[in-house]
Amino acid sequence: MTVKPYKSEEGSKKSQVAGMFNNIAAKYDFLNHFLSLGIDKIWRKRAINLLKSIDKPLILDVATGTGDLAIEANKRLGCKVVGVDISVEMLKVADVKLKKRELTEWISVQEGDSENLPFEDNSFDAVMVAFGVRNFENLNKGLCEMSRVLKPGGKMVVLEFSKPAYFPFKQLYLFYFKFILPLLGGVISKDKAAYTYLPESVLNFPDGLKFDAELVNAGMRPVKRYKQTMGIATIYLSEK
């Protein structure tokens, strides 16, 4: 079943996701850090650290949003990053951050569709995406595109929410995820549907071994899965 942000509205998942992020762009960074208690920053650092073995890589950041992962990659690896996203408003926020930090020579962002990336085959040393793959309209197509633009032997790092498996943390987390998070996110962002969609999209996402299978179908070789904070999120490392 395809989960969309706005169930009562027409339009593809892709167009609805773009509209949703345009709606919440101004509050996105604050809500990201507030609702995760800042833990998301630690997850991003761990994801970037998996690329340390590549010397000054050229990295593609898919679903770059406001650019947090791209900025962290440049800070930790001293590398150049190209970010793409379908939300124009999110990219505007990213642009402001990059100019403020004087990073425009290192990081560029542009509007782009994950399922039709505007780059040639074998262009990047690494491809990364944080909290974006579950928003793809066609997961296989998006992963295949990421694999296509990756050089042979290149690394792909995917950071995505997953489902905790153990009692009682699983039950506590699901209660927060289904009831508290949509309430707080909806009030602050003024778009309740966006933060109702978040837990629904996570619960419908093929995580763990199922996502490894998706990577294989896209031409990647899964290397390792790193569970974060008792399974709230997972970092998937794979190679082309």
Side-chain angles (χ1 to χ4, degrees), residues 21 24 27-54 57 59-77 79 81 83-85 90 93-94 97 101 107 109 114 126-136 139 142-143 146 155-166 169-170 172-174 176-177 180-181 184-185 194-195 197-212 214-215 220 222-239:
F21 281 113
I24 66 174
K27 299 288 186 180
Y28 180 79
D29 281 341
F30 169 76
L31 280 166
N32 237 13
H33 308 323
F34 173 69
L35 294 173
S36 72
L37 304 178
I39 298 172
D40 64 300
K41 296 180 182 179
I42 298 172
W43 297 340
R44 285 186 177 87
K45 290 176 183 177
R46 289 173 178 169
I48 296 301
N49 285 342
L50 295 177
L51 301 176
K52 277 189 170 181
S53 62
I54 311 173
I59 301 179
L60 175 64
D61 183 22
V62 176
T64 191
T66 62
D68 274 358
L69 191 65
I71 291 169
E72 190 65 37
N74 171 261
K75 178 182 176 181
R76 287 173 125 26
L77 307 179
C79 61
V81 184
V84 295
D85 202 283
M90 294 282 275
V93 176
K97 290 161 75 170
R101 292 169 171 77
I107 304 171
V109 295
S114 61
V127 179
M128 59 187 187
V129 55
F131 310 115
V133 291
R134 74 178 191 287
N135 297 320
F136 291 177
L139 179 58
L143 293 177
M146 291 166 65
K155 294 184 178 182
M156 182 188 296
V157 174
V158 176
L159 167 59
E160 188 53 86
F161 286 114
S162 49
K163 299 178 277 290
Y166 302 107
F169 185 73
K170 174 183 176 180
L172 292 170
Y173 172 73
L174 289 177
Y176 170 76
F177 213 41
I180 307 301
L181 184 145
L184 292 175
Y195 287 89
Y197 163 76
L198 173 56
E200 289 179 351
S201 65
V202 172
L203 293 175
N204 280 275
F205 181 73
D207 61 351
L209 286 170
K210 291 180 180 178
F211 188 69
D212 277 352
E214 294 286 351
L215 289 168
M220 299 298 297
V223 175
K224 193 168 182 180
R225 278 178 275 121
Y226 301 85
K227 288 188 177 182
Q228 305 297 306
T229 317
M230 291 183 279
I232 291 177
T234 302
I235 302 171
Y236 302 85
L237 174 65
S238 59
E239 293 180 349

Taking every non-hydrogen atom, the tightest pair across Leu143 and Phe136: N-CE1, 4.3 Å

Plane angle bin for Tyr28 and Phe21 - parallel if under 30°, tilted between 30 and 60°, otherwise perpendicular: perpendicular

From CG (Leu209) to CZ (Arg225), nearest 0.5 Å: 4.5 Å

Nearest heavy atoms of Ser238 and Met220, plus distance in Å: OG-CE, 3.4 Å

Approximate separation, where rounding is to 0.5 Å, of Ile107 CD1 and Arg101 CZ: 9.0 Å

Salt-bridge criterion met for Asp207 and Arg134 (N-O under 4.0 Å): no

Lys27, NZ: over 12 other non-hydrogen atoms inside 6.0 angstrom: no

Evaluation steps, side-chain contact (heavy atoms from CB on, under 4.5 Å), between Leu31 and Tyr195: CA-CA 10 Å; Leu31 280 166; Tyr195 287 89; 3.2 Å; yes

NZ-CG distance between Lys45 and Leu159, expressed to the nearest 0.5 angstrom: 13.5 Å

Candidate pair Phe131 and Leu198, rule side-chain contact (heavy atoms from CB on, under 4.5 Å), full reasoning: CA-CA 10 Å; Phe131 310 115; Leu198 173 56; over 6 Å; no

Heavy-atom closest pair, residues Ala73 and Met128: CB-CE, 3.7 Å

Closest non-hydrogen atom pair, Asp29 against Val93: OD2-CG1, 4.2 Å

Lys41 side-chain N/O to His33 backbone N/O, donor-acceptor pair under 3.5 Å: no

Close side-chain approach of Asn32 and Thr66, heavy atoms under 4.5 Å: no

Criterion side-chain contact (heavy atoms from CB on, under 4.5 Å) on Tyr236 and Val157, from CA distance to verdict: CA-CA 6 Å; Tyr236 302 85; Val157 174; over 6 Å; no

Smallest separation among heavy atoms of Thr229 and Phe169, with atom names: O-CE2, 3.9 Å

Under 3.5 Å: donor-acceptor pair, side chain of Lys163, backbone of Phe205: yes

Nearest heavy-atom neighbours spanning Asn49 and Arg76: OD1-NE, 3.3 Å

Evaluation steps, side chain to side chain donor-acceptor pair (under 3.5 Å), between Ser162 and Lys227: CA-CA 9 Å; Ser162 49; Lys227 288 188 177 182; over 6 Å; no

Worked verdict on Lys155 versus Val223 for side-chain contact (heavy atoms from CB on, under 4.5 Å): CA-CA 10 Å; Lys155 294 184 178 182; Val223 175; over 6 Å; no

